[in-house]
Amino acid sequence: MSQGNSQSSNVQTTGHVWDGDLQEFNNPLPTWWLWAFYATILFSVVYWVAYPAWPLGRGFTTGIATITYKNDKGVEKTTHWNTRALLMKDLQDAREKQKPYFDKVAATPYEQIAKDPELSNFVASAGKVSFSDNCAACHQSGGQGKMVFAPNLTDDDWIYGGTYDKIQASITNGRHGIMPAKGGADLNEGEIESLANYVLSLSGEKMDAAKIAAGDELFHGKGLCVACHGAEGKGNKDIGSANLTDKIWLWADVPAQGSADKKVAAVKAVITSGLNKGVMPAWSGRLSADQIKLLTVYVHDVLGGGSQK
């Protein structure tokens with residue numbers, strides 16, 4: 001106890017003593033800590049004044065800080081500081097930084113863009129973002145598409161053609177593929193069965209020889225399939241009819257079927273009911289011409305599905 005008293009003799013006390021020997025020391029906080037605490041109080045007052053902070057019934061104090069930005073239509077707008085306005089300002093700044101590159105892409109012929117390393121890098125980075133924002137919902141993030149929903153953009157098989165001009169037209173104007181239903185009055189169940197066997201044989205599937213022969217006759221005759229898919233079944237890119245010989249399937253999920261009967265059933269379903277769901281929206285009213293050109297180059301050059309002419 002005497003040692004404790006010796007150590008505390010130089011420490012200021014409050015004057016409170018209990019039991020004759022128990023004292024209450026006075027150890028004030030460090031000066032730097034107090035000034036830091038006062039600074040946080042001052043900062044909070046400035047923040048409350050400058051930014052939205054206090055609720056007022058159904059509203060709130062907007063603060064005196066403002067932010068100016070241009071909206072999507074290029075109209076300048078000034079409003080109180082808020083995270084939405086900050087996002088719009090950041091997007092505006094990003095557009096201004098990208099504009100010289102977009103201008104250069106717009107002025108450069110398609111075939112020359114790939115030869116410019118700077119433009120190629122811009123297309124790869126900005127195109128990926130634009131594709132993710134606008135196209136990935138249907139075609140998936142890597143452009144691999146989704147069976148019975150959206151075509152694969154990386155396999156070099158193009159329903160409407162894979163040139164720059166065709167891809168640009170598809171993005172700009174959209175597409176709406178229609179295949180008439182053949183079930184009911186057009187073809188009976190047996191005829192559809194034979195036609196499905198023939199269609200599968202065009203892609204190298206081992207099917208019933210007799211049904212293939214009957215389906216061949218239907219394909220080029222009563223079924224009227226030849227009118228859209230051509231005499232050899234290779235399709236027609238002008239109207240978006242599929243190539244039936246390339247072993248690439250979109251509307252009939254043949255690869256996922258484990259038996260010949262199930263493959264026939266998948267193809268029969270398409271022939272019987274037809275198709276009216278191959279709809280791609282037009283992007284001309286949603287994206288600028290420069291953005292559409294950027295996406296065209298990205299799909300053609302970066303995703304790797306544009307070599308087929």
(request) Could you list the residues that satisfy side-chain hydrogen bond (donor to acceptor under 3.5 Å, both in side chains) with N121, not counting sequence neighbours? (result) none
(message) Main chain of A94, side chain of E96: is a donor-acceptor contact present, judged purely on distance under 3.5 Å?
(response) no
(request) Heavy atoms only: give me the nearest K182-G223 pair and the separation to one decimal. (result) NZ-O, 2.9 Å
(message) Once rounded to the nearest 0.5 Å, what's the spacing between atom CG of L218 and atom CG of N197?
(response) 11.0 Å
(request) Verify the cluster assignment for V105 and Y110: are they in a single hydrophobic cluster under the rule of side-chain heavy atoms below 4.5 Å apart? (result) yes
(message) If hydrophobic clusters are built from ILVMFWY residues whose side chains come within less than 4.5 Å, do Y160 and V299 share one?
(response) no
(request) Report the residues that fulfil salt bridge (charged side-chain N to carboxylate O under 4.0 Å, His left out) with D186, sequence neighbours left out, ordered by chain and then residue number. (result) none
(request) Would you mind listing every salt bridge (charged side-chain N to carboxylate O under 4.0 Å, His left out) that reaches into residues 98-107, with sequence neighbours excluded? (result) K99-D103, K104-D116, K104-E118
(request) Work out which heavy atom in A169 is nearest to a heavy atom in R175; give both atom names and the distance. (result) CB-NH2, 3.9 Å
(request) Calculate, to the nearest 0.5 Å, the distance between atoms NZ and CG belonging to K128 and L295 respectively. (result) 14.0 Å
(request) Start with the C-alpha gap between T79 and T66, add the side-chain angles, then the distance that decides, and say whether side-chain contact (heavy atoms from CB on, under 4.5 Å) holds. (result) CA-CA 6 Å; T79 183; T66 61; over 6 Å; no
(request) Compare every heavy atom of T68 with every heavy atom of Q92, then report the nearest pair and how far apart it is. (result) OE1-O, 4.4 Å
(message) If you define the side chain from C-beta out and look only at heavy atoms, does anything of W54 sit under 4.5 Å from F60?
(response) no
(request) Enter the distance from W283:CH2 to I292:CD1 here, rounded to the nearest 0.5 Å. (result) 9.5 Å
(message) Can a donor-acceptor pair be found, under 3.5 Å and without considering hydrogens, that links the side chain of S194 to the backbone of I212?
(response) no
(request) Determine, for Y298 and K293, whether the Lys NZ or Arg CZ falls below 6.0 Å from the six-membered ring centre while staying within 45 degrees of the axis. (result) no
(request) Taking side-chain hydrogen bond (donor to acceptor under 3.5 Å, both in side chains) as the test, write out the residues that go with Q98, two or more places apart. (result) none
(request) Kindly work out whether a path of hydrophobic side-chain contacts (I/L/V/M/F/W/Y, heavy atoms less than 4.5 Å apart) joins L294 to L119. (result) yes
(message) For the backbone of C228 and the side chain of S241, can you confirm whether one donor and one acceptor N or O come within less than 3.5 Å of each other?
(response) yes
(message) To the closest 0.5 Å, what do you measure between CG (L86) and OH (Y69)?
(response) 11.0 Å
(message) Could you check whether any side-chain heavy atom of V264 comes within less than 4.5 Å of a side-chain heavy atom of L200, counting everything from C-beta outward?
(response) yes
(request) May I ask you to check whether over 12 heavy atoms, not counting those of Y101, lie within 6.0 Å of atom OH? (result) no
(message) Under the ring-ring contact (aromatic ring centres under 6.0 Å, His included) definition, can you give me all pairs with a residue in residues 209-250, not counting sequence neighbours?
(response) Y198-F219
(request) Not counting sequence neighbours, which residues clear salt bridge (charged side-chain N to carboxylate O under 4.0 Å, His left out) with K268? List them please. (result) E189, E193
(message) Strictly distance-based, threshold 3.5 Å: is any side-chain N or O of S120 a donor or acceptor partner for the main-chain N or O of A114?
(response) yes
(message) Does anything in residues 160-169 form a salt bridge (charged side-chain N to carboxylate O under 4.0 Å, His left out)? List the pairs, not counting sequence neighbours.
(response) K166-D238
(message) I'd like to check the salt bridge (charged side-chain N to carboxylate O under 4.0 Å, His left out) partners of K89; sequence neighbours left out, ordered by chain and number.
(response) D93
(message) Taking M280 as the starting point, is it possible to reach L275 by hopping between hydrophobic residues whose side chains are less than 4.5 Å apart?
(response) no
Let me have the donor-acceptor pairs involving side chains of residues 251-261, under 3.5 Å, with sequence neighbours excluded, atom names and distances please.
unit_1	atom_1	unit_2	atom_2	d
Q257	NE2	D253	O	2.9
S259	OG	K262	N	3.3

(message) Other residues, nucleotides and ligands only: do more than 12 of their heavy atoms fall within 6.0 Å of OH on Y51?
(response) no
(message) Checking the side chain of N134 only, and the main-chain atoms of S130 only, is there a donor and an acceptor separated by less than 3.5 Å?
(response) yes
(message) Checking V123 against I113 for the side-chain contact (heavy atoms from CB on, under 4.5 Å) test, could you report, in this order, the C-alpha distance in whole Å, the side-chain angles of both residues, the deciding distance, and whether it holds?
(response) CA-CA 9 Å; V123 168; I113 293 176; 4.1 Å; yes
(request) With rounding to the nearest 0.5 Å, note down the distance linking CD in Q140 to OG in S132. (result) 11.0 Å
(message) Nearest 0.5 angstrom please: D157 CG to I159 CD1, how far?
(response) 7.0 Å
(message) Treating S125 as the side-chain partner and F122 as the backbone partner, does any N or O pair qualify as donor plus acceptor under 3.5 Å?
(response) yes
(request) Under 4.5 Å between side-chain heavy atoms, chaining through other members, with only Ile, Leu, Val, Met, Phe, Trp and Tyr counted: pull out the rest of the cluster around F37, sorted by chain and number. (result) L29, W32, W33, L34, W35, Y38, I41
(request) Examine F102 and L287 and state if one hydrophobic cluster contains both, with Ile, Leu, Val, Met, Phe, Trp and Tyr joined whenever side-chain heavy atoms are less than 4.5 Å apart. (result) yes
(request) Locate the shortest heavy-atom distance separating H80 from A85; write the atom from each residue and the value. (result) O-CB, 4.5 Å
(request) Might you work through the side-chain contact (heavy atoms from CB on, under 4.5 Å) test for V148 and L250, ending with a clear yes or no? (result) CA-CA 5 Å; V148 303; L250 173 58; over 6 Å; no
(request) With the side chain counted from C-beta on, respond yes when L303 and F131 share a heavy-atom pair under 4.5 Å apart, and no when they do not. (result) yes
(request) Would you indicate whether the side-chain heavy atoms of F149 and M147 approach each other to under 4.5 Å? (result) no
(message) For G161 versus I167, what's the shortest heavy-atom pair and its separation?
(response) O-CG1, 4.3 Å
(message) Please check this pair: side chain of S201 against backbone of M207, looking for a donor-acceptor N/O pair closer than 3.5 Å.
(response) no
(request) List in chain and number order the residues that pass salt bridge (charged side-chain N to carboxylate O under 4.0 Å, His left out) with K222, two or more places apart in sequence or in another chain; answer none if no residue qualifies. (result) E191
(request) Output every pair passing salt bridge (charged side-chain N to carboxylate O under 4.0 Å, His left out) with a member in residues 75-86, not counting sequence neighbours, ordered by first then second residue. (result) none
(message) Please give me the minimum heavy-atom distance between G162 and H300, naming the atom from each residue.
(response) O-CD2, 3.2 Å
(message) In the structure I gave you, are the side-chain heavy atoms of L56 and T61 within less than 4.5 Å of one another anywhere?
(response) yes
(message) Within the 3.5 Å criterion, strictly below it, is a donor on Y164 or E111 matched to an acceptor on the partner's side chain?
(response) no
(request) May I ask you to check whether T154 and N152 show a side-chain donor-acceptor distance below 3.5 Å? (result) yes
(request) Using the side-chain contact (heavy atoms from CB on, under 4.5 Å) rule, take V267 and I271 through it: C-alpha gap first, then chi angles, then the decisive distance, then the call. (result) CA-CA 6 Å; V267 177; I271 298 174; 3.8 Å; yes
